[in-house]
Amino acid sequence: MDELMEYADVVAKYDPVLGIEVHVELSTATKMFDAAPNEFGGEPNTFVTPVSLGMPGALPVVNKKAIEYAIRLGLALNCKIAESCRFARKNYFYPDLSKNFQTSQSDEPIAYDGYLDVELEDGEIFRVEIERAHVEEDAGKNTHVGGEGRIHGADYSLVDYNRAGVPLVEIVTRPVAGAGARAPEVAAKYVQTIRDIARALGVSEARMERGNVRADINVSLRAAADAPLGIRTETKNVNSFRAIEKAVEYEMRRQAAILEAGQTVLQETRHWQESDASTRPGRPKSDADDYRYFPEPDLVPLAPSREWVAEIQASLPELPAAKRRRLLQEWGISELEMRDVVNSGALTLIEDSVLAGASAAGARKWWMGELARYAKEQELELDAVPITPALVAELDGLVTSGKLTDKLARQALEGVLAGEGTPSEVVVARGLEVVSNDDELLAIIDAALAEQPDVVEKVRDGKVQAAGAIVGAVMKATQGKADAARVRELVMERVMQ
């Protein structure tokens with residue numbers, strides 16, 4: 001077990017520096033260099049062509065849509081778009097790329113010199129400088145059978161090349177310094193912001209549980225902000241925001257303990273262990289020279305015209321930060337309330353519910369209330385809850401039209417989440433609709449008054465609260481399906497006649 005220093009002691013004594021590499025898989029119809037389908041899942045080794053498998057004589061062809069998506073993403077990250085760039089071969093042993101090299105970009109990326117302003121939990125803005133965003137192909141997937149699911153101790157390994165050749169953009173930061181104690185939060189929020197931008201642009205499904213967005217997190221410590229950079233480790237393929245935050249914190253504590261013991265941090269890759277929230281060693285980390293990059297001889301350089309780049313720039317949709325500012329005004333909520341919405345992952349869900357017909361207040365109430373509680377209980381992301389924004393809008397409409405009280409609406413929602421149908425179908429099946437016919441309510445009120453005749457005199461003598469007994473009796477008789485406010489109005493009218 002690694003020795004760890006207390007986190008407060010780490011940040012008091014050392015200055016953390018991050019380097020973050022985010023891989024965003026692009027949602028094109030086909031792969032980066034061939035016509036194989038770019039789809040998730042499928043039977044192993046079925047979404048492949050001779051190019052995907054690196055067969056002799058099979059030549060790559062660049063996917064234009066992937067280049068367009070890369071430019072869109074680069075522009076959204078405030079990058080410059082290269083007038084000319086080219087692909088290169090990155091060489092080392094790839095069991096999951098059978099041609100044994102990766103087609104990537106080295107010294108000539110398609111996008112470079114960008115930045116991203118990241119909003120932290122308390123509203124502080126932290127700017128992360130971006131060195132480059134380059135296009136490359138993804139690798140396949142190794143499955144190690146036996147042992148603990150890792151190659152060490154496994155009985156044998158299987159390779160699925162379905163993902164090999166899927167287009168992706170790798171976004172590489174410059175050293176991220178100055179975050180101090182907030183370094184773990186900065187890392188997680190930075191990746192989350194990129195995920196949100198990729199979704200807004202429509203260039204990726206950006207589903208982290210599928211690996212559409214993955215992050216490699218470099219961490220190093222130095223004695224002070226003006227000291228040379230320390231030796232870094234790289235925790236590979238971290239695919240949840242919580243894991244990113246915890247991985248940075250763990251590495252800071254682990255490295256600090258090593259330095260305190262007078263030892264040297266080993267430059268290596270490491271792997272995140274969800275089971276105990278730790279990192280484990282992988283292999284010694286290679287530098288760029290070790291990859292023996294050289295220009296890809298089978299692909300000509302790319303030269304995106306300035307006219308095409310301008311067209312792409314003009315077509316960019318509203319980005320998440322601008323959308324938040326607009327919706328803040330339209331919904332009439334505070335900065336703090338908006339941060340709660342964003343941090344819960346409910347922004348798009350609420351917006352889509354409003355577009356489907358819900359009131360802003362109603363949509364926010366359901367997503368931030370009952371549905372957020374359900375997601376927490378079921379250990380789901382909010383957008384994985386089995387209800388759509390359109391159904392939330394339908395539920396909100398039943399409440400605002402008076403057909404359901406909030407209490408009845410919660411019962412209807414319970415039925416929707418249980419798979420019983422739409423809110424309207426659940427209302428009919430469960431008999432939940434509000435009793436709104438005044439004649440029917442008056443008949444029930446009269447029966448209640450007949451059983452409690454003293455209430456009339458008490459109310460007439462000024463003891464208005466006594467009417468609550470009649471309201472309660474009516475609500476009980478209607479199984480909570482009456483509008484309590486309307487019942488009270490009718491009771492007072494009856495009593496004061």
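None of these values were measured; they are calculated from a predicted model.
Looking at Leu413 and Ile387, their side chains come closer than 4.5 Å, going by heavy atoms from C-beta outward. In this structure, the side chains of Trp272 and Ser240 stay at 4.5 Å or more apart for every pair of heavy atoms. Annotation: side chain of Ser315 is in contact with side chain of Arg72 (closest heavy-atom distance under 4.5 Å). Looking at Val48 and Asn162, their side chains come closer than 4.5 Å, going by heavy atoms from C-beta outward.
Take Arg324 and apply the salt bridge (charged side-chain N to carboxylate O under 4.0 Å, His left out) test, not counting sequence neighbours, and it matches Glu119. Residues meeting the side chain to side chain contact (heavy atoms under 4.5 Å, CB included) test with Lys80, sequence neighbours left out: Tyr112, Asp113. The side chain to side chain contact (heavy atoms under 4.5 Å, CB included) search around Glu6 returns Asp9, Arg253, not counting sequence neighbours. Residues satisfying the side chain to side chain contact (heavy atoms under 4.5 Å, CB included) criterion with Asn38, sequence neighbours excluded, are Thr28, Val166, Pro167. By the side chain to side chain contact (heavy atoms under 4.5 Å, CB included) test, Pro295 pairs with Arg86, sequence neighbours left out.
Applying the 6.0 Å contact sphere to CD of Glu39 captures more than 12 heavy atoms from other residues, nucleotides or ligands. Counting non-hydrogen atoms of neighbouring residues, nucleotides and ligands closer than 6.0 angstrom, the CD atom of Glu209 exceeds 12 such neighbours. Summarising the local packing, CD of Glu318 is surrounded by more than 12 heavy atoms from other residues, nucleotides or ligands at distances under 6.0 Å.
In terms of modelled atom types and a separation under 3.5 Å, the side chain of Glu425 and the main chain of Thr422 share a donor-acceptor contact. Without hydrogens or angle criteria, Gln105 side chain to Glu136 main chain gives no donor-acceptor distance under 3.5 Å. One N or O on the side chain of Ser204 and one on the backbone of Glu25 form a donor-acceptor pair closer than 3.5 Å.
Note on residues 15-47: pairs passing ring-ring contact (aromatic ring centres under 6.0 Å, His included), not counting sequence neighbours, are Phe33-Phe87.
Ionic pairing of Glu121 and Lys189 is present here: one or more N-O contacts between side-chain nitrogen and carboxylate oxygen are shorter than 4.0 angstrom. Between Arg127 and Glu129, no side-chain nitrogen of the basic residue sits less than 4.0 Å from a carboxylate oxygen of the acidic one, so the salt-bridge criterion is not met. Remark: Lys141 does not engage Asp160 in a salt bridge, criterion side-chain N to carboxylate O under 4.0 Å. Salt-bridge check for Glu245 with Arg242: failed, with every basic side-chain N at 4.0 Å or more from each acidic carboxylate O.
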